[in-house]
Participant: 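Structure in structure tokens, see below.
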Amino acid sequence: MSQPTKFLLDESRMPRDWYNIAADLPVPLPPPLHPGTLQPIGPADLAPLFPMELILQEVSTERTIPIPEPVREVFRLWRPSPLVRAHRLEKVLGTPAKIYYKYEGVSPAGSHKPNTAVPQAWYNAQAGVKKLSTETGAGQWGSSLAFAGALFKLEVKVFQVRVSFDQKPYRRALMETYGATCVASPSEETNAGRAILAQNPKHPGSLGIAISEAVEVAATNDDTKYALGSVLNHVLMHQTIIGQEAMLQFEMAGDDPDVIVGCTGGGSNFAGIAFPFIGQQLRGGKKRRIVAVEPAACPSLTRGKYAYDFGDTSHLTPLVKMHTLGSTFTPPGFHAGGLRYHGMAPLVSHLHQLKLIEATSYKQNACFEAGVLFARSEGIVPAPEANHAVKGAIEEALRCKREGRSEVILFNLCGHGHFDMSAYMAFHAGQLVDQPYDEAELAMALSGLPSVPA
Ligand SMILES: *Cc1c(COP(=O)(O)O)cnc(C)c1O
């Protein structure tokens, strides 16, 4: 193999700014609305939950925002992350396409999530906040915020969705190793949790419920703020360091991607790899295909409605316009816990509505097959969420084979699966079920969308 495999950027070339796609949007993003008045909310409405610097980033239309030096210093622990050419996967597939992946599993928590956990913790610490409350599904976000909290001396409380709290004791151990406190959600600690448990003491939990609990704790405690690991504009912006690095690494490789693939739960790792490239296109540069891959069992972009909805189950959050399955929708159990959210980031939804990105969905067994093929050719065992991106990239490579095209494919390998081996064990044992979501439940959840006059 004479062609290079790994493209490593020197630390000195790590991006100094985040990229804010709001500056380049052809149509502005619909504003978040106050659920009572249905009027656009202002920065003051968010002040109980977030420090002002992050709120200003949330509403900013500046194209670039500098990454604070103390944050870049932490990033040097694992960034710049590698861009890798998947020569062996190409060979196994027999495709004329070139496949590259950006590997975010090199972070301490094993995913892209520390890219936003670290700046969020830093801005909170700068604002004098002492405690952070948050939710976690699979445990990736909880462990990332726990890590960041440890660095900046913040207490972190994590409401972990009950099913993954029970299924993934190692993620909890990791959070506790970093010093965080972990509570199964729904819990007895909040009004939101107690209300759910009163209806169903064995409720398996959902991200929407865990968000309600974490928001309630922040809203009712002066020394506590809330941190969200995806969906919000500032979170997506923090992830753009991924795509900006990839651009520099493609210069080193002498290539340029034609197709970019990412998996979408709330949309942040997808935004991170794709937005810098979409921005280039919006400013008159090359047009690429950008493909979001979601699970067939929780298909917000491909089956949801583009409408104003709540971000949580107990309706404590503002209304945001997004692709949603309805805030009361609970997807069936599947192993990509990070992709079980009822909504999608407003920015990703908006770009889909403007036809600047495509979306597709796959069932979990097909995604695990792709992940195992990847592990057996490239060596890395992907997170179950990342398997959706692997599957999407493989499908693109096979299309190139059928069409005899040597396109360049880039995908975001957003995390490793070392804490998800029980899911791989179930797959190897033939025990993974492709359980469809309940159409009647989806219809009911969608019929309950808040009505917002156009
Ligand atoms: C959390 C998580 C996701 C889903 O969140 P996004 O905001 O859509 O990126 C995907 N992959 C991994 C590895 C995660 O930890």
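Counting starts at 1 for both ligands and their atoms, following the listed order. Numbers for residues simply follow the sequence, beginning at 1.
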Participant: Please work out whether the ring planes of Phe374 and Phe411 are parallel, tilted or perpendicular, with thresholds of 30° and 60°.
Facilitator: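 Rings of Phe374 and Phe411: perpendicular, as their planes differ by over 60°.
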Participant: Looking only at distances, can you tell me whether any N or O atom of Gly415, backbone or side chain, sits closer than 3.5 Å to an N or O atom of ligand 1?
Facilitator: no
Participant: For ligand 1, which atoms, with element, lie under 4.0 Å from some heavy atom of Ser268?
Facilitator: 6 (P), 7 (O), 8 (O), 9 (O)
Participant: Is it the side chain, the backbone, both or neither of Leu339 that has a heavy atom closer than 4.0 Å to ligand 1?
Facilitator: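 Near ligand 1, Leu339 shows its side chain, while the N, CA, C and O stay back.
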Participant: Would you say the ring centers of Tyr178 and Phe147 fall short of 6.0 Å from each other?
Facilitator: yes
Participant: Would you please indicate yes or no on a ring centroid separation below 6.0 angstrom for Tyr19 and Phe275?
Facilitator: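 Here the rings of Tyr19 and Phe275 have centres that are no less than 6.0 Å from each other.
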Participant: Give the residue and atom name of whichever protein heavy atom lies nearest to atom 8 (O) of ligand 1, and the separation in Å to one decimal.
Facilitator: Gly265 N, 2.7 Å
Participant: Touching ligand 1 at all, Cys414? Heavy atoms, strictly under 4.0 Å?
Facilitator: yes
Participant: Taking 4.0 Å as the limit for heavy-atom contacts, which would you say applies to Asn269 with ligand 1: side chain only, backbone only, both, or neither?
Facilitator: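 Both of them.
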Participant: Could you point out which residue of Thr116, Asn269, Val348, Val231 forms a side-chain contact (heavy atoms from CB on, under 4.5 Å) with Leu236?
Facilitator: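 Looking at Thr116, Asn269, Val348, Val231, the match for Leu236 under the side-chain contact (heavy atoms from CB on, under 4.5 Å) is Val348.
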Participant: Under 4.0 Å from a heavy atom of Ser230: which atoms of ligand 1 are those, numbered in the order shown and with their elements?
Facilitator: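 Checking each atom against Ser230, I get 6 (P), 7 (O).
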Participant: Based purely on interatomic distance, does Thr264 place a nitrogen or oxygen under 3.5 Å from a nitrogen or oxygen of ligand 1?
Facilitator: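 No, there is no polar N/O contact under 3.5 Å.
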Participant: Check whether Tyr100 forms a cation-pi arrangement with Arg85 (NZ or CZ under 6.0 Å from the six-membered ring centre, at most 45° off the ring normal).
Facilitator: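 Pair Arg85/Tyr100 counts as cation-pi.
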Participant: Considering non-hydrogen atoms of the protein only, which is the closest contact for atom 4 (C) of ligand 1, and what is the distance?
Facilitator: Gly338 O, 3.3 Å
Participant: Please check whether Cys263 reaches ligand 1 - meaning an N/O of the residue sits under 3.5 Å from an N/O of the ligand, judged on distance alone.
Facilitator: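 No - when backbone and side-chain N and O of Cys263 are compared with those of ligand 1, no distance drops under 3.5 Å.
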Participant: Taking only Lys NZ, Arg NE, NH1 and NH2, and the carboxylate oxygens of Asp or Glu, determine whether Glu395 and Lys391 approach each other closer than 4.0 Å.
Facilitator: yes
Participant: Examine the proximity of ligand 1 to Gln239 and report which part, side chain or backbone, both or neither, has a heavy atom under 4.0 Å away.
Facilitator: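 Answer for Gln239: neither.
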Participant: Can His112 be said to touch ligand 1, with heavy atoms closer than 4.0 Å?
Facilitator: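 Judged by the 4.0 Å heavy-atom criterion, His112 does count as contacting ligand 1.
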Participant: Would you mind listing which atoms of ligand 1 come within a distance below 4.0 Å of any non-hydrogen atom of Glu385?
Facilitator: 10 (C), 11 (N), 12 (C)
Participant: Using ring centroids (six-membered ring only for Trp), state whether Phe329 and His342 fall under 6.0 Å.
Facilitator: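 No, the ring centres sit 6.0 Å or more apart.
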Participant: Run the salt-bridge test on Arg88 and Glu378 with the 4.0 Å N-O cut-off and return the result as yes or no.
Facilitator: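 No, this pair does not count.
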Participant: Please name the residue in the list His112, Arg171, Lys168 that meets the side chain to side chain donor-acceptor pair (under 3.5 Å) test with Gln140.
Facilitator: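 Passing option: Arg171.
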Participant: Under the side-chain hydrogen bond (donor to acceptor under 3.5 Å, both in side chains) test, which residues partner Thr330, sequence neighbours left out?
Facilitator: none
Participant: Taking non-hydrogen atoms only, is Lys113 closer than 4.0 angstrom to ligand 1 via side chain, backbone, both or neither?
Facilitator: side chain
Participant: Considering only heavy atoms of Gly267, which atoms of ligand 1 have at least one such atom less than 4.0 Å away?
Facilitator: 6 (P), 7 (O), 8 (O)
